Structures are given as C-alpha cells and as structure tokens.
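Notes to accompany the following structure.
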Amino acid sequence: MRQWKRWSWAGVAAVFAAGCDEGSPKSPIDNEPVQQAARLEAFPGCEALEQHIEDTATKQMRATLEVYKTYYFGGGRGEEMPTTGAPPPQQDSAGGGDRPNDYTGTNNQVAGVHEADFVQNDGTRIFVLSGNRLYAHRSWPAEQLARTAVLEVEGWPREMLLDAERNRLVITSAVHEARPGKVTGGRGPMDGPAVDCAGMGCGYGGYDSNTVKVTVVDVTDLSAPQVLEQIYLPGGYLNARRVEGAVRLVLSDGFRWPEDVRLHPEYSSGLFGSRERMAAYVDALVKQNEQRIRAQTLAQWLPPGRRVLANGEAAPLAYDCASFYRTNAPTGLGLVSVLSMNLDASDSAPTRTSLVAAPGEVYASQDALYLAARHWWWWPEPGQTTHTYLHKFDIRDPNGATYEGSGTVEGYLVNQFAMDEHEGVLRVATTVDLPAENPNPGSGGDVAWTPPETVNRVVTFRTVDGQLKELGRSADLARGERIFSARFMGKRGYVVTFRQVDPLFTFDLSDPANPRMVGELKIPGFSTYIHPLGDSHLLTFGEHRNEDGTWQDRALKLSLFDVSDLANPRETFTHQLGSMSSHSEALYEHKAFTFFPAKGLLAIPFMDWDYNAYDYWSGFRSELRVFRVDTATGFSPVGTVSVRDMYQSFSVRNWSWYWSPTVRRSIMADDYVYTVSDAGLRVSHVANLQAPVATAPFLPPVMP
C-alpha cells in the first residue's frame, strides 16, 4: 500500500503515456530537486500566500492535463481514459471500592503524550464513540457497569481525547457543509482532503465530508454531559495528541478549485484519436484554467472556520496569513494544520499553525511535534528516489506550536513508530527506494508498477541553528525488503523488515552519531507492532507466513523476544491463532493492542471465518482473546469474550464501513476485562471470561 502511494497519479500517467506513444514520455513539468537543507518559510502576508497557492495550483493543473498530450489510440478508435487520480500473577481483587487499583488506558507510544481514540476511560468511567453518538458509562464497580448518558454528535465522530483531571472530552467528527469550489487534497491531483480512515473506513462522512468539527464536552456530571464549545474548520481530521491540558489536533485540507476548472478533457473519439487536436485542446484548457485560478480570492481558496460557544453565540475563526508556512521543496498540493487548544484557558480561541504541503506521518514527544511529508515528483524520470521532509514544532507552550526546524531523510516512514525523540535526538527508521534505471514501462524499466529495490536504515538528527542536522546513520540492511514495524526505547532500537522471512534487527543508539545495527534474527512471517516489556524483552504481534512468503499456513502470531543481549536476540516463545482468514485490528492499529503490566495480561480483538460452515453467521466469529504473558513461560490462553449475541442482534443491513458491531477494543481494570464493540460494552471476570458479569448495549445505528 505504501508503494502504491509512492507513485499514485504519476505512475498512472507514465503507464498511459508509455502504452500509447512510442519512446519515453518527456516531462511537461520540470521536476524540482530534493532539498537536502529543508526549511519552512513564513509568508510575509496574505498576498504572498495567495500567490503561492495559485502558482502551485497552476503547476498541479498543468501536470494533470499535460499527460493527455501523450495519449493516443489513433484512427478515431479509443475509449475514455481514466482520470489520473490514485486508485483507489497478582492476587485476585473484587470489583468493589471507589476505583480499581490499576487499569489500562489508550496504548500511547510516548508516556505522558495521550493519543486520541474512539474509546477513553479513567478507571471508573468509559466513553465510547459509536455511530453518531457518544456513550458515557459508569464502569466501576465492574458488576454495576451501566450506560449513564447518550449524546448525539454531529456528523461522523472520529476520535476523542479525555482529560480526566479537567473533566473534558475533546471530540472530532467529520461533517459536510455547503461551500463553493471543488476540493482536491495533497496526495494526488484528484483526491479530496486527506482523511485518515484507518480502522473506521470511509463509508459515511469520509468522502463527502469537507469540515472538521471539534466538540468540547464537560463530563463532570456523567449523567448529563454538557457541550461547552464547538469549532468548525474546513478539511479533514488526521491525528491528535494531549499533554496535560494542551491538545493538538492535526488537520488536513485540500484546495478548493474554482467550480469551472476542468482537470481532464471530455471524451470524444475525434479528440482522443488525434495527437495534434489533443495538444491544441490541452493548451487552450490550461490557459483557460489558469485564468480562473488566478481570479479566485484567498477567501475562496481558504474559507474561514467558526467557533460556537455554550450559549450558542457563533463567531468567525479567522486565520492569520503569517501563521502559514511554505516549504522550499515540493510536497504536493495540500494543507496541514496544527490546531492548539488550551483546556486551562477555555475562554481563548484556539490557534493554528499551517503548512502548505501534503500530509504525512505525525509523531509527538512531550515537548515537540513532528510532521513528515514526502518529496513530490511531478513526473517520473530516471534516478528518482523517495525522500521525506521532517518538520519540528515546539509544543511546550499550550497556546501554540512554534516552528523549530526541518530536515531531510532519504526514504519513507512506515508509521508514527518510525520516529522517536530521546534526549533531544530524533531517530528515524526509513525504507529507501533505490533509483531505477528507466521509468518508462514500455522500455523494460517499469518503476510505476514494479516494486523498487529497497534498503533500510536508521538515521539520527539534532536541532542545530533552525535545522534538523543529520548526526549519523546506520549501515544499510535488508536489501529488497521494507520495514513493517519499528520501535525505539531509550538507547535501543528495533526494526522488523519483511519479504519472505521476518528479520528482527536490534540497534545500539547509545552514540547518536553512530547508530549501529548489532543483532539480527530471521524467522518466518513478520511483526506489525512491537511492544516493550521492560528493557530485556519484546512482545510483538503480526502474521506467520511460510518461508516463501505464501499464505497457505498464514495465521496471526504472538512472539516474545529476549533482547537482553542486544547482539543476540532470541525468539523465546510464539503462539499462533486463527486460520488463513483470521484478522485483527491490532495488526495495523496499536490502540487495539492492550497489555496490562499489573496482571501480565494481553488482550487483542480477533475475527475469523469458516467458509465450510452452514451459513455466514455460524462461520463468522468476533471475540476478544485474552492471554497471560510471562517472559519465563510464554503465552497461556486465559479465554475469550464473545459478542456473538450482540452483533447478531443487529441486522446486517445496518453494518457499514464506519459501524461494525464486532470486537475492536478492550480495557482492563484489576481482575476485570471490558470488551468494546459498536454493539456495546461487556465486562467479565478474568477467571471466567465466557460468563459476562454485565453488559451495556448500544442503540441501533442511525443510518444516513
């Protein structure tokens, strides 16, 4: 999937150009070189911001349309060319007392940096976003689990952050508002705002939404949550973090092209059958489009948002042009904004810091937030490689995000865990595409469709004089493979790559200027998530595969690794579960992976299908699998929590990409396990998981 994103529309353009014309296509747009000294520059004013947007939009428009000049069927024969958008063990404890002795929260990457999810809890209260509703529950004592309130949330609720100390929930949802213009995002010329659909899909409120709504809710009274503030901003939600009372929401937005701008010619056999007529048509359309682009105002490109207070009073939420930054390198057409909200100063309006750039990975420590965006190649040519630009923002001030510096790293990042900051040093794990000899698929060098040759490495950076300066890099490793997971802990690092076998590489990062790969272990399959168990062991989750990488023996796989000797990592225990068809959201979403150190318990959502069953329902299963994890004895299955009766109570017609009443999350508190699905909450004692002590069902979904 990452490789597809790498080439997206440019790869499609190359395929059509090469398949319909003789020889290598010439670049209609001059590619800009990789900027090794990347930086962000603030706009001096609104005029400069508008000029940059229109210049970039014009170039994007030209790159999209010039493709058609190389498209030719001949003789009037042809069919409509597709658009160039991307395709798509402790003592037992009773459930009494005021609160549990210990409980699990969101599986955060960094201690003290809270990540948003659709489930939040504080030991005695559990909040869940399901469908278009917020469900509030009293969760302790466990036997008295009960829903206390339901709050309708406008649009498609995405994720939320809970600040238990301040009794605040910050909820994000996707809504649609009437707004002129055609929206395109930063991933390709025809894409919409970049909406992170991981785990939720984009069925409702995804593709047709154009606005992020932020709802701040007071949950002091669990039976009557009160909406304190609502914020509407154009764009899509990407990610969020909270450090104490400071909330950072990362949003993306596309540019709103004038309604009458056309980014592809209308089909006619005469037009597509003549190279000369097509060239003349494209030239005229480019000129016409540019006139319309230049005539649009900044307010049309960047419509303002609004803020609605508890009393219903609404006020515009304008932007400051000086808070926008441009990069000195191309990253595609789009906007990424960091919205800062201070929950200790609720009377103050939130502030925004925006980049005119395409979205990418987001990582945050307690002091800094990093945004990553790839270099944008306008057209495939020989010698191109993937580079990623890293932008650092100081977030110690709860009222804003201050730009600190940028850097360039060769390659691309698998996810947020590929970045980590330790003692002021940023460590980055990247997969590097080696340059292809020839980008023309018609001449035997298909960089658009053939996966490129790759290597992998760890690179370190430190902020010096407003730049992220490279300190050191490891030797290249695992040629022909790519990174599937990474984790940095203190002065150690771990990387898993995959092609046919799963090599676990260990790194000594004690000298930031000399990151060294010191150990390697090869086993079948791969891990997509790495969880630390102290300094000496790793708990991983992924897939078992045959050594040839095929699926015949595929299963989900838990592994324990002893890394006490960094140079000699050992896989000490494994546990396979499920059939070839098994699945778990924890494969790609770390928040679905719940480890409870106080009890040595692990819970993961699990789904499987038996295609030989009499009917779908008897063959389908969705449950929570619970294991006891001990570094000396390995994995001991504790039992499962089934929600079959809950998801079967909803008609399949109500299921959708954004609402699926299967097990998705879990929470543990003392000796109780809470199972979370869109059908409701269920709690069981760990000694008898199959017999729930309480269930709190949700309401049927409201379908659009």
Side-chain angles (χ1 to χ4, degrees), residues 8-10 12-13 27-30 32 43 45-71 80-86 176-194 207-211 234-236 252-268 270-272 276-305 318-319 321 324 326 330-335 354 356-358 376 378-379:
S8 61
W9 70 273
V12 177
S27 171
I29 301 293
D30 292 332
E32 299 167 56
F43 290 95
C46 292
E47 183 177 344
L49 174 59
E50 181 178 350
Q51 179 74 39
H52 178 72
I53 291 174
E54 291 171 357
D55 289 347
T56 307
T58 298
K59 193 166 187 176
Q60 182 79 78
M61 177 268 296
R62 281 192 58 219
T64 304
L65 283 170
E66 292 281 351
V67 171
Y68 291 87
K69 288 185 177 181
T70 61
Y71 181 78
E80 185 170 2
M81 178 182 176
T83 62
T84 53
H176 179 81
E177 295 191 326
R179 192 177 289 125
K182 297 182 295 186
V183 181
T184 66
R187 297 161 294 162
M190 302 300 293
D191 290 337
Y207 290 132
D208 61 348
S209 67
N210 59 8
T211 302
S252 78
D253 196 10
F255 288 94
R256 287 158 181 82
W257 301 76
E259 293 281 2
D260 48 4
V261 164
R262 297 219 319 272
L263 296 176
H264 60 85
E266 295 182 3
Y267 173 74
S268 73
L271 180 61
F272 278 78
E276 293 76 17
R277 283 195 293 270
M278 177 62 79
Y281 178 92
V282 167
D283 288 340
L285 186 55
V286 166
K287 183 177 180 180
Q288 182 184 74
N289 282 341
E290 182 169 3
Q291 292 174 344
R292 292 165 174 169
I293 288 171
R294 301 290 181 187
Q296 186 157 266
T297 66
L298 184 61
Q300 291 172 310
W301 289 111
L302 303 174
Y319 49 79
C321 292
F324 283 77
R326 61 163 292 174
T331 60
L333 191 61
L335 284 173
S354 300
V356 184
W376 185 264
W378 295 95
W379 192 266

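Just so you know, these numbers come straight off a predicted model, no measurement behind them.
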Subject >> Plane angle bin for Tyr267 and Phe272 - parallel if under 30°, tilted between 30 and 60°, otherwise perpendicular >> reply: tilted
Original post:
Regarding Arg292 and Gln296, is there a side-chain donor-to-acceptor distance under 3.5 Å anywhere?
Top reply: no
**OP:** Return the set of residues passing side chain to side chain donor-acceptor pair (under 3.5 Å) with Glu290 (not counting sequence neighbours), or none when no residue passes.
**Re:** Arg294
Subject >> Step-by-step side-chain contact (heavy atoms from CB on, under 4.5 Å) determination, His264 to Thr64 >> reply: CA-CA 8 Å; His264 60 85; Thr64 304; 6.0 Å; no
Subject >> Whether over 12 other heavy atoms sit under 6.0 Å from Glu47 CD >> reply: no
Original post:
So, do Glu32 and Trp378 sit near enough that their side-chain heavy atoms are less than 4.5 Å apart?
Top reply: yes
Subject >> Donor-acceptor contact below 3.5 Å, side chain Arg262 vs main chain Leu285 >> reply: no
**OP:** With sequence neighbours left out, write down each residue that passes side chain to side chain contact (heavy atoms under 4.5 Å, CB included) with Pro234, or none if nothing qualifies.
**Re:** Arg179, Asp253, Arg256, Pro303
Subject >> Residues which pass side chain to side chain contact (heavy atoms under 4.5 Å, CB included) with Cys321, listed by chain and number, not counting sequence neighbours >> reply: Cys46, Leu49, Leu298, Tyr319
Subject >> CG on Asp283 to CE on Met278, rounded to 0.5 Å >> reply: 11.5 Å
**OP:** Find the distance between NZ (Lys59) and CH2 (Trp376) and round it off to the nearest 0.5 Å.
**Re:** 12.0 Å
Subject >> Heavy-atom pair with the smallest gap, counting every atom of Ile53 and Trp301 >> reply: CG2-CD2, 3.7 Å
Original post:
Is the closest side-chain heavy-atom distance between Leu65 and Pro265 below 4.5 Å?
Top reply: yes
Original post:
Can you list the residues that meet the side chain to side chain contact (heavy atoms under 4.5 Å, CB included) rule with Gln291, with sequence neighbours excluded?
Top reply: Lys287
Original post:
Counting N and O atoms only, with roles assigned by atom type, does the side chain of Asn210 sit under 3.5 Å from a partner on the main chain of Glu177, one being a donor and the other an acceptor?
Top reply: yes
Subject >> Residues which pass side chain to side chain donor-acceptor pair (under 3.5 Å) with Glu50, listed by chain and number, not counting sequence neighbours >> reply: none
Subject >> Nearest atoms (heavy-atom pairs only) where Arg277 meets Leu271 >> reply: O-CD1, 3.7 Å
Subject >> Non-hydrogen atoms of Phe43 and Val356 that approach each other most closely >> reply: CE1-CG2, 3.9 Å
Original post:
Hey, does Leu335 have a side-chain heavy atom less than 4.5 Å from the side chain of Phe324?
Top reply: yes
Original post:
What residues form a ring pair (Phe, Tyr, Trp, His ring centres under 6.0 Å) with Tyr281, not counting sequence neighbours?
Top reply: none
**OP:** Provide the closest heavy-atom pair for Val261 versus Asn289 in the form atom of the first, atom of the second, distance.
**Re:** CA-OD1, 3.5 Å
